[in-house]
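Contents: one structure, followed by commentary.
Letters A, B, ... are given to chains in the order of the sequence lines, protein chains preceding strands, and every chain is numbered from 1.
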Amino acid sequence: MRYLFACIAIVGCAAPAYAADHLVSQSGKAFSVAALKAKVGDTISFRNQDPFVHNIFSLSDVQSFDLGTFAKGESRQVKLEKPGKLEVECAVHPEMKLVVEVAK
Amino acid sequence: MKVLGRSTPTIVNAAFNPLQMWDGRKGSLEEQALGPFGADEQNLPLEELERRVQSIAGYGPMFADAYPGEPITRTTIAKAIASFERTVLSDGAPFDQWVAGDQDALSPAARRGFDLFVGKANCAACHQGFNFTDNGFHNVGVRDSGAPDPGRFAFKKVASMQGAFKTPTLRDIALTAPYMHNGCYDTLEAVVEHYVRGGETKDHLSPNIRPLDLSAQEKGDLVAFMRSLTSAPRVVSVPTLPR
């Protein structure tokens, strides 16, 4: 009983809020969503479902990242580090755009 | 005469391009139209361009008719050039007739070439849709004769954009040699050989590009297919330029 109580206490202290993973797929040269709301600490998993490569990146002031090129069936993940608005694009296909609103 | 590093991009079906120029630095045909007046090409300052067009009396009523209330400036000159470019269209090629149901419009070689194009040769990874382009940017392993051309990277600082250029349309491709961003190949056969080798350079090469195992007949089939994308000749009246 004492052991169980300790576990509950540790979990209660260590996880004030659970970070979420947002799955965004790429299909037909488009993101599965055009806009996304998330929180600092969340992750976004980008999954390529097209039979050619994508290169997801952001050069936003809030956070910049380059996930490199990845082929069909592969995924790349990015952790959201700061609050603000991120404009995410595909370098290969400039018409692909995703706006992520990151809250604290 | 100065030889530039890039080949002139085709204006065939440029009306459908979301971005213009090999590196996509221009967002519209109007923006693109004024680019070549710069020092490297026509060496005609825009102020001098405006002065020359304004000085030709015959243009006055024509511009007034086309753009009422707008003076002859670089803005209206760009609109006029872009409007002309939007009329340079290619469709109704033998391939289109075949898609529409005319089974005899394509030779057996061209039909086999189309199968290769969308299949084993993987051309359709980039050359997609009615205009045979994904409107995207790829490093396809073309070797530049001098220092490597940074291509799209000059405007998008993403590593894979080093040496990446816009996928050109394949409409009327048999009429628009030389090929690739720097015009390094004179024939479609040489282009096919480039892709069979999987490109000449491997730095930042797109993963879409890989060596191909194609027989001599298959290479010829691909070229036959590309030749089927040539539209019928159009009658174009040469305008009488105003004085």
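In this structure, A:Lys82 places its NZ atom where only 12 or fewer heavy-atom neighbours from other residues, nucleotides or ligands lie under 6.0 Å away. The number of heavy-atom neighbours closer than 6.0 Å to NZ of B:Lys202, taken from other residues, nucleotides and ligands shown, is above 12. Within 6.0 Å of CG on A:Asp21 lie more than 12 heavy atoms contributed by other residues, nucleotides or ligands. The neighbour count for B:Phe155 CZ, taken as heavy atoms of other residues, nucleotides or ligands under 6.0 Å away, is above 12. More than 12 non-hydrogen atoms from other residues, nucleotides or ligands lie less than 6.0 angstrom from NZ of B:Lys120. Residue B:Arg112 places its CZ atom among more than 12 non-hydrogen atoms of other residues, nucleotides or ligands, all under 6.0 Å distant.
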Quiz item: For A:Thr69 and B:Ser206, what are the C-alpha separation, side-chain angles and deciding distance, and is it a side-chain contact (heavy atoms from CB on, under 4.5 Å)?
Solution: CA-CA 8 Å; A:Thr69 52; B:Ser206 166; over 6 Å; no
Practice problem: Check step by step if side-chain contact (heavy atoms from CB on, under 4.5 Å) holds for B:Lys156 and A:Phe57. | Solution: CA-CA 10 Å; B:Lys156 285 286 180 189; A:Phe57 77 99; 4.0 Å; yes
Self-check item: Steps toward side-chain contact (heavy atoms from CB on, under 4.5 Å) verdict (B:His138, A:Val92)
Solution: CA-CA 6 Å; B:His138 309 264; A:Val92 180; 3.2 Å; yes
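Heavy-atom distances place no part of A:Ala71 under 4.5 Å from chain B, backbone and side chain included. Using a 4.5 Å cut-off between heavy atoms, B:Ala164 makes no contact with chain A at all.
Closest of all the heavy-atom pairs between A:Ala91 and B:Met161 is O-SD, 3.4 Å. Across B:Asn208 and A:Val53, no two heavy atoms sit closer than the pair OD1-N, 3.2 Å.
A:His54 NE2 to B:Ser160 OG: the interatomic distance, rounded to the nearest 0.5 Å, is 12.0 Å. Atoms CG and CZ, on B:Asp134 and A:Phe52 in that order, are 7.0 Å from each other to the nearest 0.5 Å.
The candidate with the highest count of non-hydrogen atom pairs below 4.5 Å against chain A, out of B:Gln128, B:Lys157, B:Arg152, is B:Gln128.
B:Asn135 places no side-chain N or O within donor-acceptor distance of the main-chain N or O of A:Glu95, the cut-off being under 3.5 Å.
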